[in-house]
Amino acid sequence: MTSPASPPKLDKYSKENPWYYKDLTSHLALDSRKLLEEYSHIPPEDIDAHVYKMRDVLWTHAPYPCIGEFKFLTLNLPKHPKYTHLLSLLQPSPATQGPYLLDLGCCVAQELRSLAHAGIPSTNLFGSDLNPSYLTTSYQLFNDASTFHGTLVSANIFSPTLFDSAFKGWEKKFKVVHAGLFLHLFNREQQIDVCERIVKLLREEGGSMFLGEMVGCAGGGERGPKASKFWGKGEERRQFLHDEDSFAKLWEDVAEVTGTKGKWKVESTFKQRANGEGDGDGGSKGCAFFTGEGIGWITFSVERVE
């Protein structure tokens, strides 16, 4: 008796991938709808059609799970425990320029639009993403080409010429660096490299802050698909996910390599996802890309204390 043939592997652009959700229902949070209504001035009855259309445009650019699962409109910063403090940090002073915020891996810069809607001057908001089409498409998504004056830059965070090209002039510029759904894309060694660059971007003064949120894992460890077909260019890697202890250890190593030991206050909260529970981000109700025991959601902040 012959065994059944294995199902063919899906191309990463296939809409049959489990992280390409066919139905928007329950995957677009109320605050995201409100942003599209009040900030983008899209009529409520047109929002679903607009989101479906823009999701498929973004999917053709780069089919990341955050696109397929409609997470590109999820607003995590307003739910972050440091959000109220963040707004106070970003209040402009008439005597000086800034303060500035950089959103790393900003996707369509939805968090920046939310901050602008909350009253932060968009001229003080910066975003960076590897995919330039996400950034250019974001103006169509949010209907704000003439009103959003933030700086959106395409860059590879690992580029050896990063601070001589895309991030030129950005050393020690930012009071706040945010990274949402970003660090969990990388293995631990790569995460240390990214965080070294984040330390370089932050102002060397008390109160400067790196904060964010991402998928986590109880005990910390490698998760996600190892197959190179998803990542492309022959690259094969597995992502390292964190809980509170593993994230604290990560930042200990970052402080060691950057010569900043004793200069940081690290806080994080990990919540393991129960069966059938959402990711904790207020967005979609599953996490089809990261699977297995212990998957959850971690929110973190790293504040410079001197």
Side-chain angles (χ1 to χ4, degrees), residues 1-29 32-33 36 46-76 105-108 110 129-138 140-141 180-187 213-217 221-241 272-297:
M1 183 176 179
T2 59
S3 58
S6 300
K9 291 184 178 180
L10 296 172
D11 179 82
K12 65 181 181 180
Y13 290 96
S14 172
K15 294 180 180 180
E16 298 306 315
N17 279 304
W19 50 85
Y20 181 91
Y21 292 172
K22 305 293 179 62
D23 186 2
L24 181 61
T25 305
S26 81
H27 299 313
L28 186 65
S32 301
R33 287 187 179 275
L36 291 172
D46 295 339
I47 286 178
D48 283 17
H50 179 71
V51 172
Y52 280 124
K53 175 185 174 181
M54 298 310 303
R55 190 274 297 269
D56 283 351
V57 169
L58 293 166
W59 183 261
T60 64
H61 296 163
Y64 284 105
C66 64
I67 301 300
E69 295 176 349
F70 298 105
K71 290 181 183 291
F72 61 93
L73 282 169
T74 299
L75 301 174
N76 288 310
C106 68
C107 193
V108 295
Q110 70 276 13
D129 198 89
L130 178 64
N131 194 311
S133 61
Y134 282 179
L135 305 178
T136 55
T137 305
S138 73
Q140 182 182 357
L141 171 62
L181 297 175
F182 184 64
L183 280 182
H184 69 211
L185 295 173
F186 311 117
N187 62 38
E213 52 287 316
M214 56 188 170
V215 178
C217 175
E222 291 186 340
R223 292 294 177 90
K226 192 174 182 181
S228 60
K229 186 175 182 180
F230 179 82
W231 298 108
K233 298 182 180 178
E235 182 179 3
E236 185 175 289
R237 67 168 183 249
R238 297 194 74 187
Q239 299 73 49
F240 195 99
L241 306 185
Q272 187 168 325
R273 188 183 68 225
N275 290 335
E277 188 181 26
D279 300 330
D281 63 354
S284 59
K285 301 303 179 184
C287 188
F289 193 71
F290 293 104
T291 59
E293 293 295 324
I295 295 295
W297 186 253

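Side chains are part of it too, since the values below use all heavy atoms of this structure and drop only hydrogens, waters and symmetry mates.
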Any [X] side-chain heavy atom under 4.5 Å of [Y] side chain:
X: Gln140; Y: Val108; answer: no
X: Gln239; Y: Leu183; answer: no
X: Thr74; Y: Gln110; answer: no

Give, for atom [atom1] of [X] and atom [atom2] of [Y], the distance between the pair rounded to the nearest 0.5 Å.
X: Ser138; Y: Phe72; atom1: OG; atom2: CZ; result: 11.5 Å
X: Asp129; Y: Cys106; atom1: CG; atom2: SG; result: 5.0 Å
X: Lys53; Y: Asp46; atom1: NZ; atom2: CG; result: 11.0 Å
X: Glu69; Y: Ile67; atom1: CD; atom2: CD1; result: 10.5 Å
X: Phe182; Y: Leu185; atom1: CZ; atom2: CG; result: 7.0 Å
X: Asn17; Y: Leu10; atom1: CG; atom2: CG; result: 5.0 Å

(message) My understanding is that only residues two or more places apart in sequence, or in another chain, count here; which of them pass side chain to side chain contact (heavy atoms under 4.5 Å, CB included) with Cys66?
(response) Tyr64, Lys71, Cys107
For residues [X] and [Y], report the shortest heavy-atom separation together with the two atoms involved.
X: Trp59; Y: Lys12; value: CZ2-O, 3.6 Å
X: His184; Y: Leu241; value: CB-CD2, 3.5 Å
X: His61; Y: Thr137; value: CE1-OG1, 3.2 Å
X: Leu141; Y: Leu36; value: O-CD2, 4.1 Å
X: Thr60; Y: Tyr13; value: O-CE2, 3.6 Å

Please check this pair: side chain of [X] against backbone of [Y], looking for a donor-acceptor N/O pair closer than 3.5 Å.
X: Tyr20; Y: Pro63; result: no
X: Arg55; Y: Gly68; result: yes
X: Tyr134; Y: Ala62; result: yes

(request) List in chain and number order the residues that pass side chain to side chain donor-acceptor pair (under 3.5 Å) with Asn131, two or more places apart in sequence or in another chain; answer none if no residue qualifies. (result) Ser133
(message) Show me the pairs that pass salt bridge (Lys or Arg N to Asp or Glu O under 4.0 Å) and involve residues 14-29, at least two apart or across chains.
(response) Lys15-Asp56, Glu16-Lys22
(request) Could you check whether the rings of His27 and Phe70 sit parallel, tilted or perpendicular, using 30° and 60° as the cut-offs? (result) parallel
